[in-house]
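This report concerns only the one structure given below.
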2 protein chains.
Amino acid sequence: MSDISYKLFIRAFSSKTRLDIIKHLSKKGASVSDISNSLGFEQSRVSHNLACLAECGFVEVNRKGKQRIYSLNRKTILPMLRLMDRHIKKYHKHLKECGVLK
Amino acid sequence: MSDISYKLFIRAFSSKTRLDIIKHLSKKGASVSDISNSLGFEQSRVSHNLACLAECGFVEVNRKGKQRIYSLNRKTILPMLRLMDRHIKKYHKHLKECGVLK
DNA sequence: CTGACATATGATAACATGGTCATATGTATT
DNA sequence: AATACATATGACCATGTTATCATATGTCAG
């Protein structure tokens with residue numbers, strides 16, 4: 001289990017943009033432009049971030065005409081999100097701005 | 001469930017230093033200097049990173065003379081690590097250098 | 001095969017993060 | 001109280017990460 005793998009794994013969750021994309025996809029698959037419009041993010045921003053998620057195995061792509069429909073790898077992501085939710089619910093008191101390494 | 005909470009949560013896992021500290025603590029609680037010596041990290045580096053982990057609820061502190069003994073909040077961290085392991089085992093083929101956002 | 005649309009890629013600039021050094025605080029021993 | 005040890009804090013610099021802009025590729029309709 002290499003450290004680089006850990007890092008890439010965690011990276012998927014470590015930006016607000018990717019988190020928002022993941023949340024959006026948790027409802028259903030969507031094209032780049034759909035995500036882009038729904039979230040108000042630049043097209044290339046969405047594209048870059050989806051590429052990252054795809055490379056890390058969190059997202060799959062399928063063609064549909066000109067579009068590419070991205071969908072979540074639910075099996076891994078959903079339990080992960082649940083786990084995070086549980087922890088955060090319990091520790092939100094701590095989870096204020098972490099001033100230390102800011 | 002605020003986004004900042006997610007971000008802080010994930011941050012705990014997002015650096016090699018913190019990951020190493022977590023691994024070290026997974027055996028048993030340890031003082032700053034113990035961690036510092038075992039891992040060969042600067043004292044202040046360990047201290048900064050422990051503070052971050054503590055603030056995010058992943059680690060607890062107890063005094064013992066001059067020392068401060070840090071120990072893992074195992075309930076949250078261990079399932080998290082297991083989940084990561086499982087994903088990484090399955091997707092290591094994807095989890096090579098993610099060139100896109102580098 | 002041309003135009004229009006959808007997505008991807010690359011370079012760059014702004015910003016965030018982490019490590020180090022210097023220093024401060026806190027605690028026990030004498 | 002003075003010293004020594006353990007840890008914490010703050011400021012700074014180096015590095016990594018992200019968003020944006022410009023541009024390229026890819027795909028369908030006509």
Side-chain angles (χ1 to χ4, degrees), chain A residues 3-4 6-22 24-25 29-56 58-71 94 97-102, chain B residues 3-22 24-25 29-56 58-71 97-102:
Chain A
D3 292 312
I4 181 73
Y6 265 117
K7 197 151 189 217
L8 285 175
F9 176 92
I10 223 62
R11 193 181 197 197
F13 296 94
S14 71
S15 99
K16 176 98 167 46
T17 299
R18 286 192 284 278
L19 213 48
D20 286 346
I21 291 176
I22 288 173
H24 184 80
L25 290 179
S31 69
V32 176
S33 50
D34 174 14
I35 300 171
S36 183
N37 293 329
S38 305
L39 300 179
F41 296 159
E42 279 251 348
Q43 176 268 317
S44 67
R45 180 176 169 191
V46 174
S47 217
H48 277 303
N49 281 282
L50 281 171
C52 178
L53 287 171
E55 227 176 337
C56 301
F58 287 114
V59 131
E60 288 177 351
V61 207
N62 287 294
R63 293 190 178 289
K64 181 188 168 191
K66 305 176 194 175
Q67 307 187 113
R68 293 182 176 217
I69 307 298
Y70 284 84
S71 48
H94 294 285
E97 271 296 338
C98 177
V100 177
L101 283 178
K102 174 65 52 56
Chain B
D3 292 311
I4 181 72
S5 293
Y6 265 118
K7 199 155 189 211
L8 285 175
F9 177 93
I10 223 61
R11 194 182 198 198
F13 297 94
S14 70
S15 100
K16 178 99 167 42
T17 299
R18 287 192 283 279
L19 214 48
D20 286 346
I21 291 176
I22 288 172
H24 184 79
L25 290 179
S31 70
V32 175
S33 52
D34 173 13
I35 300 171
S36 182
N37 293 327
S38 304
L39 301 178
F41 296 158
E42 278 250 350
Q43 176 267 317
S44 68
R45 180 176 169 190
V46 175
S47 216
H48 278 302
N49 280 283
L50 280 171
C52 179
L53 287 171
E55 229 176 337
C56 301
F58 286 113
V59 132
E60 288 177 353
V61 207
N62 287 294
R63 291 188 180 292
K64 181 189 168 190
K66 306 178 197 172
Q67 306 187 116
R68 295 184 173 212
I69 306 298
Y70 285 85
S71 49
E97 272 294 340
C98 175
V100 178
L101 284 179
K102 175 66 51 55

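Throughout, a chain's letter reflects where its sequence line sits, starting with A, and its residues are numbered from 1.
Distances shown here put a side-chain N or O of Tyr70(B) below 4.0 Å from the OP1 or OP2 atom of dA8(D). At the phosphate of dT17(D), OP1 or OP2 sits under 4.0 Å from a side-chain N or O atom of Lys7(A). Ser14(A) has no side-chain polar atom (N or O) that falls below the 4.0 Å cut-off from OP1 or OP2 of dT17(D).
A side chain to side chain donor-acceptor pair (under 3.5 Å) with Asp34(A) holds for exactly one of Ser38(A), Ser36(A), Ser31(A); it is Ser38(A).
Rounded to an integer number of Å, the gap from Arg45(B) CZ to dA8(D) C1' is 17 Å. Ile35(A) places its CD1 atom 14 Å from the P atom of dA6(C), with the value rounded to the nearest Å. Atom CG of Leu50(A) and atom P of dA19(D) are 12 Å apart (whole Å). Taking atom CZ on Arg11(A) and atom P on dT17(C), their separation rounds to 13 Å, with Å as the unit. Residue Glu55(B) contributes atom CD, which lies 13 Å from atom C1' of dT9(D) at whole-angstrom precision. Atom CG in Asp34(A) sits roughly 16 Å away from atom C1' in dC5(C) (whole-Å rounding). Rounded to a whole Å, the CG atom of Leu19(B) is 12 Å from the P atom of dG18(C). Distance CD (Glu42(B)) to P (dT20(C)): 5 Å, rounded to an integer number of Å.
Between the CG atom of Asn37(A) and the CD atom of Gln43(A) there is a distance of 10.5 Å, given to the nearest 0.5 Å. Note: Leu50(B) CG to Ile21(B) CD1 = 4.5 Å, rounded to the nearest 0.5 Å. Remark: Ile69(B) CD1 to Arg63(B) CZ distance equals 11.5 Å, nearest 0.5 Å. Between Ser15(A) atom OG and Leu53(A) atom CG the span is 8.0 Å, to the nearest 0.5 Å.
The Gln67(A) side chain lies nearest to dA6(C) when the options are dT18(D), dG19(C), dA6(C). Of the candidate nucleotides dG19(C), dT7(C), dT9(D), dG19(C) has the atom nearest to the side chain of Asn49(B). Out of dA8(D), dA19(D), dA6(C), the shortest distance to the side chain of Ser33(A) is found at dA6(C).
Nucleic acid contact for Ser44(B): base, since at least one base atom lies under 4.0 Å from a heavy atom of the residue.
For Gln43(B) against dA8(D), a side-chain-to-base donor-acceptor contact under 3.5 Å is present.
An aromatic stack links His48(A) and the base of dT9(C), using centre distance under 5.5 Å and interplanar angle under 30°.
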Is there any protein nitrogen or oxygen under 3.5 Å from a nitrogen or oxygen in nucleotides 26-30 of chain D, and what are the pairs?
unit_1  : atom_1 : unit_2   : atom_2 : d
dT27(D) : OP1    : Arg63(A) : NH1    : 3.4
dT27(D) : OP1    : Arg63(A) : NH2    : 2.9

Notebook entry, point to check: Going through the distances and angles, do Phe41(B) and Asp20(B) end up as a side chain to side chain contact (heavy atoms under 4.5 Å, CB included)?
Noted result: CA-CA 10 Å; Phe41(B) 296 158; Asp20(B) 286 346; 3.7 Å; yes
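At least one donor-acceptor pair closer than 3.5 Å links the side chain of Ser14(B) to the backbone N or O of Arg11(B).
Looking at residues two or more places apart in sequence or on another chain, you find a side-chain hydrogen bond (donor to acceptor under 3.5 Å, both in side chains) between Thr17(B) and Arg45(B).
A 4.5 Å side-chain heavy-atom check between Leu25(B) and Ile35(B) finds at least one atom pair inside the cut-off.
With axes fitted over five pairs at each extremity, the angle between the ends of the helix from dC1(C)-dG30(D) to dT30(C)-dA1(D) is 30° (10° resolution).
Remark: aromatic rings of Phe13(B) and Phe9(A) are distant, center separation not under 6.0 Å.
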